[in-house]
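In what follows, a structure is listed as structure tokens, so that the remarks can point back to it.
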2 protein chains.
Amino acid sequence: MTIRSKSHDRDKALSRARDLFWKQGFHATSLKDIEAALRMHPGSIYAAFGNKETLFRMALERYAQEIAESRQKILDAAPDVLEGLARFVESAHPVVRDDVPQPACFLAKTGMDTGLTQPALRAAILDLLDRSEASFVAIYRQAQAEGALPASLDPSQTARRLQATLTGIGVYAMRPDRREQARDMAADLAREIRAMRVLAS
Amino acid sequence: MTIRSKSHDRDKALSRARDLFWKQGFHATSLKDIEAALRMHPGSIYAAFGNKETLFRMALERYAQEIAESRQKILDAAPDVLEGLARFVESAHPVVRDDVPQPACFLAKTGMDTGLTQPALRAAILDLLDRSEASFVAIYRQAQAEGALPASLDPSQTARRLQATLTGIGVYAMRPDRREQARDMAADLAREIRAMRVLAS
DNA sequence: TCTCTTTTTGAACGATCACTCAAGCGTGAG
DNA sequence: CTCACGCTTGAGTGATCGTTCAAAAAGAGA
């Protein structure tokens, strides 16, 4: 029971850290901010998470994992993988959700913020970005296997383009007065994904 | 003569500041870094530019102005405005140039880095982003007037999508091992722009 | 050469940064 | 009830942050 409640606390703290870092970025977030958000004192923070950079990396990884889980859930619920991808783009990606600290992808934002100069973070970000792109590649491949997409389509290229476009929409959505337009763009993108389908004759 | 050489020095300093801030972002750049890059001492920097934030804003504005000038030059040299836009996308945007401190747009990068929380910078960034988007709107409108694009096309919507896509490609290009793929995406984008043309019958 | 003005210099400022650690506290076993 | 152990606490660490300013240097004019 003790262990369970402790890991629960830790979980909640990590969630709060993710939200804070996601909103403010690595450099603009001070330990004072973290203390306030996690409702923990410096000693406890360092005992639990090591240091600021490690905590940030854990927050990043948690973000990536949650996105991946959410995406998988949508895919599982969809009639096929291509439709699942469209649904993910139009309803589940941070870009279109409003219960999220920032519309832009946390990974992309961090890449910009740190300029990929922080060695320990750099490796983590590149890895997580790779996984995201790889999951899109896998989705397109599966869609081809299901006969929903033409075999001539290059899954890697298409995945890269999707990744870049989603990122771009996310950055655009950072402007509070443009959230709606960003959602429209995401809806357009979903429509384009559906339009790729080759109809069985 | 004195005045000229002074404004020239100031110009060079501002250029260096732009490169430094562009590469490292606002928060990750210390005044020590700035002193080294501008080869100036703190007193002179503050005498010339006010403070760090003002210097940053000036660097941002200079960046935006140079991009706008470069875009205008490309447009002027092109046979028509739609072809000019395609050429800008495939050869002049920071995304595809390699003589630039960072492939991602300085404005977008700053928006991510500061989270648009810094009030003085926020206004400047939003304004400059607006101008960029407005220039794309103007380009699409002119292309319609020239008969190169169908009247049914929504210039605002198309401009937003272009802005977002270019931003996304820029973020993607931040990874040194993906510069080539980013350039490919820019080339694809240019191709898509050319493909929008309605051919006179 | 001398004087007045402008610019450059860099030491120093208070604030804040990420981080540490000795002391205090709560809890559960004996 | 007592004691021992593990977690929490927050004042304090040296370093670095952005910024200032008095003094020195450079420049201009006579």
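Below, read A as the first sequence line, B as the second, and so on, with proteins coming before strands; counting in each chain starts at 1. Nothing here was measured: the structure is a model prediction, and the numbers come from that model.
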What nucleotide, of [options], holds the atom closest to the side chain of [X]?
X	options	value
P42(B)	dT20(D), dT8(D), dT9(C)	dT20(D)
H41(B)	dC19(C), dG10(C), dT8(C)	dG10(C)
L31(A)	dC19(C), dG10(C), dT9(C)	dC19(C)

Round to the nearest Å and state the distance from [X] atom [atom1] to [N] atom [atom2].
X	N	atom1	atom2	answer
I34(A)	dA18(C)	CD1	P	7 Å
D33(B)	dT16(D)	CG	P	12 Å
K52(B)	dC17(D)	NZ	P	9 Å
M40(B)	dT9(C)	CE	P	9 Å
I45(A)	dT9(D)	CD1	C1'	12 Å
Q118(A)	dA18(C)	CD	C1'	12 Å
H27(A)	dG18(D)	NE2	P	12 Å
K32(B)	dT9(C)	NZ	P	16 Å

Geometric cation-pi criterion, R71(A) with F136(A): 6.0 Å, 45°: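 Pair R71(A)/F136(A) counts as cation-pi.
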Answer yes or no for K73(A) and F88(A): cation-pi contact, defined as NZ/CZ to six-membered ring centre under 6.0 Å and angle to ring axis within 45°.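 Verdict for F88(A): no cation-pi partner in K73(A).
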* Asked: Aromatic rings F106(B) and W22(B): how do their planes relate, parallel, tilted or perpendicular, breaks at 30° and 60°?
  ->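 Plane angle under 30°, so parallel.
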Looking across every strand, which nucleic acid part, if any, lies under 4.0 Å from S30(A) by heavy atom: base, sugar-phosphate, or nothing?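 The answer is sugar-phosphate, as S30(A) gets under 4.0 Å only of primed atoms, P, OP1 or OP2.
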* To do: Evaluate the side-chain proximity of L128(A) to Y63(A): yes if any heavy-atom separation is below 4.5 Å, no if none is.
  =>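 Y63(A) does not reach L128(A) side chain to side chain.
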Contact under 4.0 Å: Y46(A) side-chain N or O vs dC19(C) OP1/OP2: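 So the side-chain polar atoms of Y46(A) do come within 4.0 Å of the phosphate oxygens OP1 or OP2 of dC19(C), strictly under.
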Mapping S44(A) and F26(A) onto DNA chain C by nearest heavy atom, which one lands closer to the 5' end?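 Looking at the nearest nucleotide for each, F26(A) comes out on the 5' side.
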- Centroid-centroid distance, F56(B) to F49(B), less than 6.0 Å: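 Ring centroids of F56(B) and F49(B) are no less than 6.0 Å from each other.
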